[in-house]
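One structure below.
Fair warning: this is a prediction, and the values are worked out from it, not measured in the lab.
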Amino acid sequence: MIAAPWYLFAVGIVLVIIGVISGVLLGSGRSSRNLVDSRMSDAEIARRLKRQSSVGFSGLIVYLGLFCMLVSAGWRLLRKFL
């Protein structure tokens, strides 16, 4: 149980790396599709902007990794002071 925060930190680092790599590989073609043209209707522009502002799968993986790292650091600090 002593090493659990360190394992959690390592899992967080791995998740961040996987999320960044998947974001680079899968998100490379996303920027060219989200252009707004003057001939588009308002509904089409709103739909594209809404889709563009959502967090993708790779972003969620990165956030999960950062959360694991934060919990690990908090766990170690809490154990040190208690």
Side-chain angles (χ1 to χ4, degrees):
M1 195 67 183
I2 293 174
W6 293 101
Y7 287 124
L8 188 63
F9 190 75
V11 167
I13 290 174
V14 169
L15 285 175
V16 168
I17 290 171
I18 289 172
V20 168
I21 290 173
S22 69
V24 168
L25 293 178
L26 299 177
S28 61
R30 292 181 69 190
S31 62
S32 63
R33 292 186 299 168
N34 294 329
L35 296 176
V36 176
D37 192 12
S38 62
R39 296 174 294 193
M40 292 181 183
S41 66
D42 291 340
E44 177 70 21
I45 292 172
R47 187 173 53 239
R48 286 190 181 206
L49 290 176
K50 184 178 180 182
R51 181 177 43 185
Q52 184 179 8
S53 67
S54 65
V55 177
F57 177 72
S58 59
L60 290 176
I61 296 296
V62 170
Y63 288 146
L64 182 63
L66 291 174
F67 180 72
C68 287
M69 291 168 46
L70 181 67
V71 168
S72 170
W75 189 350
R76 284 185 275 151
L77 284 173
L78 185 66
R79 193 173 60 191
K80 186 175 185 175
F81 290 119
L82 291 181

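Other residues, nucleotides and ligands contribute over 12 non-hydrogen atoms within 6.0 Å of the CG atom of Leu82.
Residues Leu64 and Leu60 fail the side-chain proximity criterion, which asks for heavy atoms closer than 4.5 Å. Counting heavy atoms from C-beta outward, Val71 and Leu8 have side chains that approach closer than 4.5 Å.
Atom-to-atom distance recorded for Leu66:CG and Ile13:CD1 is 10.5 Å, nearest 0.5 angstrom. Put simply, CG on Leu25 and OG on Ser58 are 10.0 Å apart, with the number rounded to the nearest 0.5 Å. Note that the CG atom of Leu15 and the CZ atom of Phe67 stand 12.0 Å from one another [nearest 0.5 Å].
When all heavy atoms of Pro5 and Trp75 are compared, the pair lying nearest together is CG-CD2, 3.7 Å. For the residue pair Gly12 and Cys68, the shortest heavy atom distance occurs at CA-CB, 3.8 Å.
Remark: Arg79 pairs with no residue by the salt bridge (charged side-chain N to carboxylate O under 4.0 Å, His left out) rule, at least two apart or across chains.
Between the Ser22 side chain and the Ile18 main chain, a donor and an acceptor come within less than 3.5 Å of each other.
Taking the ring centre of Phe9 as origin, the terminal cationic atom of Arg76 falls inside the region bounded by 6.0 Å and 45° from the ring axis.
Tyr7 is not connected to Ile61 by any chain of hydrophobic side-chain contacts under 4.5 Å among Ile, Leu, Val, Met, Phe, Trp and Tyr, and they are in different clusters. Val62 and Ile17 fall within the same hydrophobic cluster, defined by Ile, Leu, Val, Met, Phe, Trp and Tyr side-chain heavy atoms under 4.5 Å apart, directly or through other members.
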